[in-house]
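The structure appears below as structure tokens.
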Amino acid sequence: MKLTNRATGRAGEFLACSILENHGIKSNHVDLDGDDLWAKCPRNFFHPIQVKTATRPIINARHHKIAKYNYTFKNNMNYSGIFVLCALDKRKIICMKWDDIAATTLKIHPDRFTSEAEVQSIKDVFLL
């Protein structure tokens, strides 16, 4: 069964909540324009979060022969919160800030979604 875009996004939001909670970051799903989650880390810092979700890597036949996860940020210029990128099929996330994103479309190789990368990105972005 293929998920709708909305269902895919919701699945990514709940995956992100679950993983963040396992790292001691309290998170809540919110239905607000611009924010998907609100989170509070153990040091009591508050963070708005936008979740971007890909169900699987895809191949862009014109430019690449390797399948990559694709995330679009064209409507998110200068978002001051945290982006959580979900690879739904791997059940992994990578956290980033706007300054770490070089383009309005980000393509990530599947090998970057590892447990180690997930933990390190959470520690770096949430200052744990």
Side-chain angles (χ1 to χ4, degrees):
M1 178 174 122
K2 183 172 172 25
L3 294 175
T4 65
N5 285 347
R6 184 171 174 83
T8 297
R10 294 278 290 180
E13 291 163 6
F14 286 107
L15 173 65
C17 273
S18 173
I19 292 170
L20 294 175
E21 289 278 345
N22 284 326
H23 288 276
I25 300 167
K26 297 185 185 310
S27 56
N28 289 300
H29 186 265
V30 295
D31 279 323
L32 294 175
D33 195 29
D35 295 340
D36 296 317
L37 307 175
W38 285 348
K40 188 169 116 177
C41 67
R43 294 170 51 185
N44 285 327
F45 293 125
F46 170 81
H47 302 279
I49 297 173
Q50 235 180 61
V51 179
K52 300 291 186 180
T53 306
T55 55
R56 61 182 167 68
I58 60 170
I59 294 175
N60 180 336
R62 284 188 307 177
H63 302 289
H64 303 286
K65 296 194 189 283
I66 299 171
K68 295 183 180 179
Y69 293 95
N70 296 309
Y71 303 95
T72 304
F73 300 90
K74 65 182 174 192
N75 297 324
N76 308 106
M77 301 294 284
N78 301 316
Y79 180 69
S80 61
I82 293 170
F83 288 101
V84 175
L85 310 179
C86 293
L88 209 52
D89 59 336
K90 288 188 161 209
R91 307 267 192 280
K92 298 286 180 212
I93 65 171
I94 293 177
C95 301
M96 303 177 98
K97 293 229 174 180
W98 177 252
D99 293 344
D100 300 324
I101 298 169
T104 57
T105 301
L106 184 62
K107 297 178 185 309
I108 300 179
H109 193 281
D111 290 347
R112 285 196 50 204
F113 282 95
T114 64
S115 296
E116 295 79 15
E118 178 179 271
V119 170
Q120 191 60 54
S121 73
I122 292 169
K123 286 181 179 178
D124 291 347
V125 170
F126 289 95
L127 304 173
L128 300 180

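All values below were derived from every heavy atom in this structure, side-chain atoms included, with hydrogens, water molecules and symmetry-related copies excluded. These numbers were taken from a predicted model, which means no experiment stands behind them.
- Of the inter-residue distances, the one linking Leu20 atom CG with Lys26 atom NZ reads 12.5 Å to the nearest 0.5 angstrom.
- Within the 3.5 Å criterion, the main-chain N or O of Ser18 finds a donor-acceptor partner in the side chain of Asn22.
- Between Tyr69 and Tyr71, the ring planes are parallel. Angles under 30° get that label, and only those over 60° would be called perpendicular.
- One finds the CD1 atom of Ile122 at 6.0 Å from the CD1 atom of Ile25 (value rounded to the nearest 0.5 Å).
- Under a 3.5 Å cut-off, the side chain of Lys40 and the backbone N or O of His47 do not form any donor-acceptor pair.
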Open item on the list: Please evaluate residues Val51 and Cys86 with respect to the criterion side-chain contact (heavy atoms from CB on, under 4.5 Å), reporting the C-alpha separation (whole Å), side-chain torsions for both, the decisive distance (0.1 Å), and the verdict.
Closed with: CA-CA 7 Å; Val51 179; Cys86 293; 3.7 Å; yes
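- Linking Ile, Leu, Val, Met, Phe, Trp and Tyr residues whenever their side-chain heavy atoms come within less than 4.5 Å places Ile108 and Tyr79 in a single cluster.
- At least one donor-acceptor pair under 3.5 Å links the side chain of Gln50 to the backbone N or O of Gly34.
- Smallest separation of non-hydrogen atoms from Arg91 and Glu118: O-OE1, 4.1 Å.
- Aromatic ring orientation, Phe83 versus Trp98: tilted (interplanar angle from 30° to 60°).
- When the side-chain hydrogen bond (donor to acceptor under 3.5 Å, both in side chains) test is applied to Gln120, the partners found at least two apart in sequence or on another chain are Asp124.
- Under the 3.5 Å distance criterion, with hydrogens and angles disregarded, a donor-acceptor pair is assigned to the side chains of Lys92 and Ser115.
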